[in-house]
Amino acid sequence: MRRRVMLYVPGNTPAMVQNATVFGSDSIIFDLEDSIPLEEKDAARILVKNALQSLEYPDTETVVRINSIQTEHFQKDLEMILPAGPHAIVLPKTESGADIRELESRILQILGEDSCEKANIEIIPLIESALGLINIVEIVNSSKNITAAQFGAEDFSENIGARRTKRGMEILFARSQVVAACASRMIQAIDTPFTDIDDEAGLREDAGFARNLGFDGKSVISPRHVDIVQQIFSPSADEVEFATRVIEAFKEAEKAGKGAISVDRMMIDAPIVKRAENILEKAGIGNPL
Amino acid sequence: MKIIRKAAAGTLESSDALIIVKPLNGNDIKIEISSIVKQQYQKKIECAVYQSLEALQINGIHIKVEDRGALDCTLAARIETAIERAAAAEE
Amino acid sequence: MKDKKIVRDLAEAIRLCKLEDGMTLSFHHHFRNGDFVLNRVIDVVSSLGIKDLHLLPSAIYPVHEPLIEHIRNETVTSITTNYILGPVAEALCRGEIKLKKPVRFQSHGGRARAIDNGSVSIDIAFIAAPTADNCGNINGFGPSGCGSLGYAFPDANHAKKVVVVTDHIVDYPLNPVSIDETKVNYVAVIDRIGDPQGIVSGTTKITRDPVGQLIARKAAGLIKASGFLQDGFSFQTGAGGTSLATAAFVGDEMEKASVRGSFCLGGLTGLSVDMVKKGLFETLLDVQDFDLEAVESLRVNSNHQEISASRYANPEVNSCAVDALDVVVLGAAEIDTQFNVNVLTDSNGLIIGGSGGHCDAAAGAKLTIIVTSLLRTRIPIVLDKVIAVTTPGNTVGAVVTERGIAINPDNKELIGRLKDSGLSLTRIEDLKILAEQIAGKPQAVKFSDEIIGEIEYRDGVVIDSIRLPLLD
């Protein structure tokens, strides 16, 4: 499941919830957390539940960002949303492996063992605090159901007392740390949203930089950002061509029972094959293995 | 559930509906609907309201719907929210 | 001698023209919702006790609300026009006012045709002119400048009497001249003929709605995939926000591919002026200006031509501009599975406009693209049958919505062009089904038997009619 771009949609706005699918993003994240005022948390979760049950979101992953563990809404969100069948849950303010284990045990409790297996709900921790960043290794290792981690620069900067800038030097270390932790577990690293809706040039620069750092995708908070970000995180023709050759070489080597493979005089080991698979998946070519 | 207080949910934004519920003595159901798409969807909106009330097993309610072209699932969501806010769990 | 055409006031002009009951009066709508002339003239006509007039305004806007009273008191008893928006339309559709005949809705090209070939005979044409000299030479510039006077040309050429109404008189001879003195009988000077800010009224701004922008981008992608973006490309868009956004994206594609287009036609805004400035098009052919940037460009740019409504779209003249169009992008209030388009009424059957140049451009262009959202606050725009056909489906090539693009299966040429494009296409029937799946199947609006409007296609044939809607 590629996640080149994940579009955040405020969960209490019917017009956006019902139209979210038309923008063609790989994922839609229905938000019950920061974009929803306290007095509307109930309304948002019911609306998202209904949307997941009644509306079609073809070719798109449906994700819900629930409220954090410390809130009263955490349990209520899960009870209402899980039966409606989202593909994944974003857990904001994830700060430890224990948070993830707590989430998992609630999911198990609410769905029951059989449904839980069948539902196969993926977990996406959102790293947006100093503690979350420091514990990221423990976090990404805490569950096999974690298939991606998101970085949230706004809350993170606030937490560490940094001044947020477009150039983003203040979040460079955190971004790289997230990328490394995700790469070590071969899960997707998803970058923070670019908050200036109207600055297209700034978005391109920011998304391009994140791509260069090794992020697999990026969250966006405006539908107008979807195409640009999706394009930037799609592999180039060269990358696709190389990845195809890697996969070919691997398949041949397997058939011939050969151990070591090389392509373009580069040794190909399992991680490189995995990366090649990811590239082809991001290019929409599917898994040839 | 029993409606014990006045409550509202939803907004007058496009594709949303503002639902206001009030308790009504006895078991009666009073429904008022105004919609910008009433020519096309009056019946469907009425249906959505009755279905929601039945699913939640509610009576003794005065429900006012100010619709701005909400889809059925949105109407149902707003009605469910308003009723939750207006109700007390039955002992 | 020099001032023999100048009259003391509108009343004198009307007397000198020997206006009688039952005559036909015409007006242009270049001031759109900023027009003052039609109301002033009809007020005077009414105060003189004249009745039973046939009005031939090229369009009627909310500013023309006073017409309601003049219909009630039978000063005006029939109307032929290209567009009605506002209180007059509402009063008609509520049955609050009645005319002696159904309103005859023509297109801009059809109106020119009817006037040029004598199907309609104008007794007095009142031509609002931003600047005039004392012999009635006029142009569209001045303190109340509106730019092109395209729709006034047929009136000036064929009306029995022509009265220029201006608020800005200059010395003879005026320069430049749009309509010359040989067509003009009288010149009336009043305090203000219109509000130039009013020409921007309604929808002449690019949409900022993300769904509208998505549709526009898809439409531009379709134009690119169709192979039309070559040197010499000619283009027109309607005045709606999504159509204008499409023009902006097409401009981007042209820049990327270094395409040099030949002309933009319309209905023009500052956007088309910018595209010419960027070298994307050589020429602007202008029958109407929708904003003050376009007006100014007409005034100063030699490659910006004013054209008459006849040259724009009369199907009976030797040749007209719409026939030279490659692509036109237009909106729709409704479209059906035969690709017939309704731009006359909304989904409730209420009159909200009329063809304008819609069916003319659609007939002329090699590719006609309709841009619209699939649903407008729950109401499906793609249907089995539109309430009223203003543009026949055989002139429409494609419809672009946020949930899919459908190509007219009869447009074999377009299908051929798109064969290897990789563009994802849907059938229009599937768009209609999807709309109903999302919103639920709508109840049909009911209509009475009373016909309140007849739709005359650009060739003079009545192709549809509209009845009084029965609204709860």
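Numbered from 1 within each chain, the chains take letters A, B, ... in sequence-line order.
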Give, as side chain, backbone, both or neither, the part of C:L375 having an atom under 4.5 angstrom from any heavy atom of chain B. neither
Quick check for you: among C:R378, C:K441, C:R376, which has the greatest number of heavy-atom pairs under 4.5 Å with chain B? C:R378
With chain C, the option among B:S15, B:A70, B:C73 that has the most non-hydrogen atom pairs under 4.5 Å is B:A70
Out of curiosity, B:Q39 CD to C:L470 CG, how far, rounded to the nearest 0.5 Å? 9.5 Å
Considering all heavy atoms, the nearest C:A439-B:Y41 contact: O-CE2, 3.4 Å
Is the count of non-hydrogen atoms from other residues, nucleotides or ligands lying under 6.0 Å from C:E450 atom CD greater than 12? yes
Atom CD of B:E32: over 12 foreign heavy atoms under 6.0 Å: yes
Within the side chain of C:Q443, is there an N or O that forms a donor-acceptor pair under 3.5 Å with the backbone of B:K43? yes
Of B:D72, B:L71, B:I36, the largest count of non-hydrogen pairs under 4.5 angstrom with chain C goes to B:L71
Within the supplied structure, the quantity of interest is the number of heavy atoms (other residues, nucleotides, ligands) at a distance under 6.0 Å from C:R208 CZ; does it exceed 12? no
